[in-house]
Amino acid sequence: MNTLSAPENLTRNVLIGMGLGVLVASIFYYSPNLVPQTLSLGIEKYIFNLGGQIFKNLLMLVVVPLVFFSLVSGISSLSNMVKLGSIATKTIGLYLLTTAIAVSLALFFGWALDLSGSTGEVVPYTPPPGDSSLYGTVLRIFPNNMFGAFIENNMLGIVFISILFGIALNLTDDLTDGLSKSFERFNIVFLKIVLLIMSLAPIGVFCLMGSYVMDKGVDIFGDLAEYVLILIFVLFFHLIFTYSLILKFLANLNPITFFKKMRNVALFAFSTSSSAATIPVTLKTVTDDLGVKKDVSSFVVPVGATINMDGTAIMQGLATMFIASTVGVDLTLVQYGQIVMLAIVTSIGTAAVPSAGTVTLALILGSVGLPLDAIGLILAVDRILDMIRTAVNVCGDAAVSCIVGKSENEFNQEVFDSKN
Ligand code: ASP
């Protein structure tokens with residue numbers, strides 16, 4: 001029996017969990033007199049919030065060891081280091097390309113659909129501490145303390161350390177009596193932990209959705225409907241058109257099969273709003289269902305979750321236009337170019353956790369001379385947008401994994417074509 005197969009009917013059960021979470025929480029939210037307020041606050045705190053947070057913690061808990069063991073075992077089993085160079089170059093090149101397309105689409109549609117600003121009042125906004133500048137981002141790749149990087153959840157640093165360790169292990173395999181095999185075994189154990197956590201997903205997403213709805217209800221639009229609708233449109237446009245085109249033309253793969261197999265990953269990303277928390281599910285789907293061999297997926301997926309955020313770049317492009325229009329600033333062509341470059345850099349530096357994109361947005365606004373306080377305007381609607389853009393972010397990681405896997409001959413077409 002294959003003990004590494006996904007829980008049965010996962011998508012169906014996760015969808016049911018989501019629907020029930022929204023339904024039950026809406027009943028409490030919109031009928032405040034149904035039960036005493038203390039009871040409804042207790043349900044919000046101890047069922048929805050606590051349950052949702054535990055589920056996200058469980059996923060995050062496994063991310064660091066999973067990324068470490070899968071990268072180390074993937075790299076240590078490569079036939080030579082030239083292959084790693086080729087995989088890395090293609091991966092990073094494609095990530096930069098898709099992000100550039102994403103933010104350009106955002107700016108194009110923002111202009112073509114004449115996105116206008118808000119009439120709302122700009123309230124003071126204080127960005128949380130942390131260095132998301134280019135300097136700080138590059139420095140995070142090279143931590144000065146190996147264990148510190150793991151403890152601080154510094155994903156860029158962890159990826160770098162894992163690559164370094166994997167290369168050293170690969171080059172010393174004869175001297176270490178096949179130590180790499182042990183990492184392979186640990187990797188299997190962590191994959192099993194992922195599967196155990198995934199079997200709790202229907203309850204986890206029930207709590208997460210419930211906690212979102214109990215907080216703000218389902219009125220997600222506020223007075224920012226135009227910004228929200230154009231943003232959702234561009235996110236779907238990029239998801240459906242850009243990824244279909246690159247899959248078809250760069251790898252000759254059927255986009256419909258790709259999207260069908262990505263539904264669980266997209267649901268996990270949507271309900272956790274975190275590409276990092278979704279890494280375990282993305283890694284499993286890309287390897288077991290889309291047919292990308294482990295040598296490639298173990299590198300492309302964690303790197304993608306850390307540096308590739310097309311959905312975030314789309315939000316940042318449109319939010320910058322929206323804020324410029326709100327404060328009555330006409331952006332010049334040079335500034336549009338600057339936004340494209342900055343969105344590429346900041347999406348690399350954005351942490352793969354909820355709402356991180358709005359933090360790094362401050363960097364773009366500051367660079368084109370717009371007031372940071374205006375970020376407060378879009379925060380009201382950012383919850384649902386974060387969920388959708390995270391789903392786009394992870395689909396981008398998986399699409400690039402397939403393309404790199406195919407071009408490196410590290411791809412199993414039969415697995416990709418198979419039904420699941
Ligand atoms: N939540 C996003 C992610 O994890 C990042 C963001 O745009 O806020 O991919």
Side-chain angles (χ1 to χ4, degrees), residues 98-122 125 212 216 218-245 259 266 269-270 273 308-333 335-344 346-347 350 354-365 368 370-396:
T98 54
T99 309
I101 296 175
V103 59
S104 307
L105 281 175
L107 296 180
F108 170 75
F109 281 114
W111 166 79
L113 300 172
D114 201 12
L115 172 65
S116 48
S118 160
T119 49
E121 207 184 316
V122 175
Y125 166 81
Y212 300 149
K216 289 212 172 66
V218 277
D219 174 20
I220 51 168
F221 292 111
D223 67 340
L224 305 174
E226 194 191 348
Y227 165 72
V228 173
L229 290 176
I230 296 183
L231 181 43
I232 293 179
F233 166 75
V234 183
L235 286 170
F236 275 97
F237 186 92
H238 185 65
L239 177 73
I240 296 166
F241 285 96
T242 311
Y243 296 150
S244 297
L245 287 178
F259 286 119
F270 183 84
S273 296
N308 181 50
M309 296 194 185
D310 294 357
T312 303
I314 290 174
M315 178 278 284
Q316 293 179 330
L318 274 175
T320 309
M321 285 183 88
F322 174 75
I323 288 169
S325 159
T326 302
V327 297
V329 169
D330 273 332
L331 294 167
T332 62
L333 211 57
Q335 282 174 314
Y336 278 115
Q338 222 176 329
I339 296 169
V340 173
M341 299 308 291
L342 287 165
I344 296 173
T346 53
S347 70
T350 303
S355 298
T358 51
V359 177
T360 46
L361 173 63
L363 213 85
I364 303 185
L365 296 183
V368 290
L370 291 170
L372 306 194
D373 282 350
I375 293 179
L377 281 173
I378 57 163
L379 287 185
V381 288
D382 199 58
R383 182 67 269 162
I384 181 79
L385 297 173
D386 193 10
M387 296 161 94
I388 304 175
R389 70 173 178 260
T390 308
V392 174
N393 289 347
V394 296
C395 287

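For S347, the side chain to side chain donor-acceptor pair (under 3.5 Å) test picks out no residue, with sequence neighbours left out. Remark: Y243 pairs with H238 by the ring pair (Phe, Tyr, Trp, His ring centres under 6.0 Å) rule, at least two apart or across chains. When the side chain to side chain contact (heavy atoms under 4.5 Å, CB included) test is applied to L365, the partners found at least two apart in sequence or on another chain are T320, I323, L361, L370, L372, I375. Residues satisfying the side chain to side chain donor-acceptor pair (under 3.5 Å) test with S104, not counting sequence neighbours, are none. Looking at residues two or more places apart in sequence or on another chain, you find a side chain to side chain contact (heavy atoms under 4.5 Å, CB included) between F233 and F109, L113, F237.
Rounded to the nearest 0.5 Å, atoms CG (L318) and CH2 (W111) are 14.0 Å apart. Taking OG1 from T360 and CD from Q316, the interatomic distance works out to 4.0 Å, rounded to the nearest 0.5 Å.
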Got a list of side-chain donor-acceptor pairs under 3.5 Å for residues 377-385, not counting sequence neighbours?
unit_1, atom_1, unit_2, atom_2, d
D382, OD1, R389, NH1, 3.0
D382, OD2, R389, NH2, 3.1
R383, NH2, Y212, OH, 3.3
R383, NH2, S273, OG, 2.7

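Proximity of a side-chain donor or acceptor of T350 to a complementary backbone N or O of T346 within less than 3.5 Å is detected. Of the possible polar contacts, one joining the N393 side chain to the D310 backbone as a donor-acceptor pair under 3.5 Å is found. Under a 3.5 Å cut-off, the side chain of Q335 and the backbone N or O of T332 do form a donor-acceptor pair.
The shortest distance between side-chain heavy atoms of I388 and F270 falls below 4.5 Å.
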